[in-house]
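Here is the structure we will look at.
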Amino acid sequence: MKSKYFLQFLGLMKKTTYLLSIPAILLLVWGFTQFSGWGKNKQTIVPKLNFTFSLKDTSLIKPKDIHPKKAILLSGLMRSHYAKKNIDKDISMATFDAYLKSLDGGKSYFLEADIEKFKIYREKFAFLIEEGQVDVPFQIFNIYKQRFTERMDFVDKLLEKEPDFNADEYLETDREKLAWFKTQKDMEDEWRKRIKNEMLGLKLAGKKFDEIKTTLKKRYERSRKTIYQINSEDVFQYAMNAFTESFDPHTNYFSPVNAQNFNMNMKKSFEGIGARLRSQEDYTIINEVMPGGPAFKSKELKKDDKIIAIAQGEKGDFEDVVGWRIDDVIGLIRGTKGTVVRLKITPANSAAGAPPKIVRLVRDKIKIEDESATKKIINTKRDGKDYKIGVITIPSFYIDFNEYVKGNKDYKSTSGDVKKLIGELKSENIDGLVIDLRNNGGGSLKEAIDLTGLFIKTGPVVQIKDASGDIDVQPDKNPDVTYQGELAVMVNTFSASASEIFAGAIQDYKRGVIIGEQTFGKGTVQSPMGLAEYMRSEDQNQGQINLTISKFYRITGSSTQNRGVMPDVNFPAMFDRTEVGESSERSALPWDEIKPSRFTPTDDINSKNIDRLKKVLDAELKSDKDLKELVSEIEDAKKMRKRTKISLNFAKRKTETEEFEKKYKKKTQTDEEETAPNTTEKEKKDAYLEAGAKLLAELISLKK
């Protein structure tokens with residue numbers, strides 16, 4: 001490691017609440033300086049795969065000279081991973097499985113015979129990476145590329161003839177849990193049904209066969225073009241991510257181009273809709289909705305929604321983007337501030353075969369540091385008495401880091417903004433306060449601690465354990481309490497990281513009641529590391545790794561990892577824990593405990609209060625019209641997601657589509673016509689937030 005860089009790194013740590021202790025840094029330095037010697041005495045014998053390629057040699061992708069060195073470096077860095085896992089047979093099998101999933105997660109291209117041939121590498125895959133032998137993942141990718149090309153050739157033939165839409169047959173849309181195709185005939189029959197399903201969807205939208213044929217030809221020609229644009233850096237990233245993510249799902253490798261884009265997105269502003277995207281087979285998927293942006297404000301886009309078409313302006317034609325490179329999709333979505341873009345999406349919670357949904361968004365300037373907390377007041381009644389409940393919605397835990405480092409006391413931050421909003425709400429004589437952390441994916445640790453400090457006098461807030469086992473207790477040292485009244489914190493499945501630290505601390509101090517759903521369970525800390533700093537290379541961008549180095553623990557000693565925070569009062573959840581959340585990830589680090597910190601809880605919340613609130617919620621779920629409708633929608637969505645077989649019969653699908661559209665249209669009209677009657681601004685009803693305000697009002701009444 002360069003000494004200048006190391007000193008700068010230590011200097012930065014003194015100015016910030018960084019999460020890495022000195023022993024852990026020394027461990028990392030040792031790992032970085034030692035990597036070049038690893039693997040020299042090993043050299044596993046690697047047999048060649050016996051495949052005949054119909055692709056031209058110029059189409060086959062080969063590793064660059066730098067890739068073996070980077071693979072050795074990355075395997076060395078993994079020695080400093082928090083989990084201290086050895087590169088062994090289990091890691092190899094997990095890496096192999098993850099790599100195949102990254103290429104063909106829907107089991108649509110490889111045959112069972114292909115997989116059987118690949119399996120000679122399954123128990124050696126990570127060892128090969130450790131030794132810098134990266135030919136195998138490239139061989140497998142080239143076979144995938146050939147299989148993909150063969151499928152596209154077959155699709156071209158299928159598009160020449162209109163299928164029989166009167167036949168009574170079905171398509172299984174969730175192939176991930178099924179076996180690989182045994183024969184070419186089985187695969188071709190499945191692809192016949194897949195193309196028929198796509199044709200059926202367009203036919204139901206009123207398209208004639210010639211239009212359907214043209215649309216799908218363009219779609220699959222784009223898919224063919226896209227796979228030929230994949231380069232050696234892309235393939236190397238697929239393989240290295242399969243390797244790093246076998247240690248835990250948040251340790252990621254970024255290729256040079258993607259590392260540059262990642263860091264630009266973190267630092268600069270752009271004009272768009274405020275959503276981060278990812279590729280999944282032929283689709284572009286919403287990976288994250290950025291707080292404060294048009295997508296966030298619309299409440300119409302969610303994580304894992306699929307974007308299938310994009311239109312410009314109010315009247316522009318939709319352009320099908322299935323099979324496009326993600327960069328091209330982003331190019332269509334971004335645009336000048338104030339202009340309209342319309343997305344045709346398949347919602348993540350919709351049933352297979354459900355018609356797409358159109359979302360209209362007005363582009364705006366997106367800037368990470370501009371995410372701001374907002375306030376409003378909900379007027380509610382309990383036992384005939386009126387209550388004014390203040391609500392502060394926090395989209396993320398943000399901080400203007402540059403101004404903070406400069407020593408500017410007025411730097412923008414979550415805790416600073418919330419403190420001001422509390423002052424404004426207190427001047428309006430609120431009876432209680434709700435902190436809404438739903439869909440807050442986290443952010444600055446410092447801000448989670450400082451925000452907690454607005455509600456407690458002093459004391460520990462979170463414990464951080466690093467890879468060497470050292471534990472750092474992070475306290476609130478400010479004795480000032482901004483708000484002393486009754487408090488509720490609302491969370492859901494997508495409240496993560498810093499949100500869980502704050503919610504967990506409020507719960508542990510019994511300072512407020514936690515309401516909502518079990519949180520995400522992301523209790524790990526990552527440190528970004530540029531590979532060029534540890535390699536002899538003139539090119540200063542060799543990509544980077546975000547390495548998991550620490551783990552969060554509550555002051556009770558319980559980790560937030562994997563389990564998250566359990567609310568005191570649970571609302572019905574849209575998603576099962578097997579579908580989303582940290583626990584749904586195969587390589588997620590486990591929950592565990594350490595020794596508790598010394599702290600003194602308040603007597604604001606007790607089991608008697610919580611039992612009463614649970615009874616009130618049970619009654620509301622049975623009597624409140626909006627809550628009953630929301631719970632019904634949740635149950636319908638769960639049932640729909642479990643339905644993975646869809647009819648390919650025109651009449652049956654037409655009936656199903658009409659029923660779905662009728663129900664959706666009725667709900668949309670209701671949402672647009674109704675506004676939350678007790679709010680100070682016009683907005684769509686938020687049944688859970690209204691219920692949370694009622695529960696807080698009940699808590700206040702219990703204290704009087």
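Starting from 1, each residue takes its place in the sequence as its number.
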Salt bridge check, D97 against R586: does any charged N sit closer than 4.0 Å to a carboxylate O? yes
Assess whether a salt bridge exists between R278 and D304, defined as any Lys/Arg side-chain N lying under 4.0 Å from an Asp/Glu carboxylate O. yes
How are the rings of F247 and H81 set relative to one another: parallel (under 30°), tilted (30 to 60°) or perpendicular (over 60°)? tilted
D248/K85 under salt bridge (Lys or Arg N to Asp or Glu O under 4.0 Å): CA gap, chis, key distance, verdict: CA-CA 10 Å; D248 89 296; K85 293 181 182 178; over 6 Å; no
Mind running salt bridge (Lys or Arg N to Asp or Glu O under 4.0 Å) on K465 and D472 for me, showing each step along the way? CA-CA 6 Å; K465 181 181 176 184; D472 181 19; over 6 Å; no
Do side-chain atoms of D234 reach the backbone of N231 as a donor and acceptor pair under 3.5 angstrom? yes
Would L332 and Q312 count as a side chain to side chain contact (heavy atoms under 4.5 Å, CB included) here? Give the steps. CA-CA 8 Å; L332 284 185; Q312 306 299 328; 4.1 Å; yes
Only one of F96, F110, W180 passes ring pair (Phe, Tyr, Trp, His ring centres under 6.0 Å) with F118, and that residue is F110
Indicate whether the side chain of S92 and that of E123 have a donor and an acceptor atom separated by less than 3.5 Å. no
Please tell me whether T95 and S246 have a donor and an acceptor in their side chains that are separated by less than 3.5 angstrom. yes
Can you tell me how far the CD1 atom of I471 sits from the OG atom of S550, to the nearest 0.5 Å? 11.5 Å
Ring of Y82, cation from K551 - is the NZ or CZ under 6.0 Å from the centre and inside 45° of the axis? no
Over 60° means perpendicular and under 30° means parallel, so tell me whether F397 and F502 are parallel, tilted or perpendicular. tilted
Can you check whether G106's main-chain N or O pairs, donor with acceptor, with S108's side chain at less than 3.5 Å? yes
OG (S495) and NZ (K522) are apart, to the nearest 0.5 Å, by 14.5 Å
Ring centre gap for Y144 and Y109 strictly below 6.0 Å: yes
To the nearest 0.5 Å, what is the distance between CD1 on I140 and NZ on K145? 16.0 Å
CD of Q561 to OH of Y553, rounded to nearest 0.5 Å, is 8.5 Å
Counting the benzene-type ring for Trp, do F236 and Y253 have ring centres under 6.0 Å apart? yes
Does any donor atom in the side chain of H250 or E582 lie under 3.5 Å from an acceptor atom in the other side chain? yes
Using a strict cut-off of less than 4.0 Å between a Lys/Arg side-chain nitrogen and an Asp/Glu carboxylate oxygen, indicate whether K406 and E403 qualify as a salt bridge. yes
Verdict with reasoning, E221 to K218, per salt bridge (Lys or Arg N to Asp or Glu O under 4.0 Å): CA-CA 5 Å; E221 190 56 41; K218 285 182 179 179; over 6 Å; no
Stepwise salt bridge (Lys or Arg N to Asp or Glu O under 4.0 Å) test for K62 and D135: CA-CA 7 Å; K62 299 177 182 178; D135 285 341; over 6 Å; no
Taking 4.0 angstrom as the limit, do D450 and K446 come out as a salt bridge? yes
Tested for side chain to side chain donor-acceptor pair (under 3.5 Å) against Q526, the lone hit among T548, T251, N252 is T548
Would you check if the distance from the ring center of F125 to the ring center of Y99 is below 6.0 Å? yes
Can you tell me how far the CG atom of D88 sits from the CE atom of M93, to the nearest 0.5 Å? 8.0 Å
Which distance, rounded to the nearest 0.5 Å, do you find between the CG of L277 and the NZ of K306? 14.5 Å
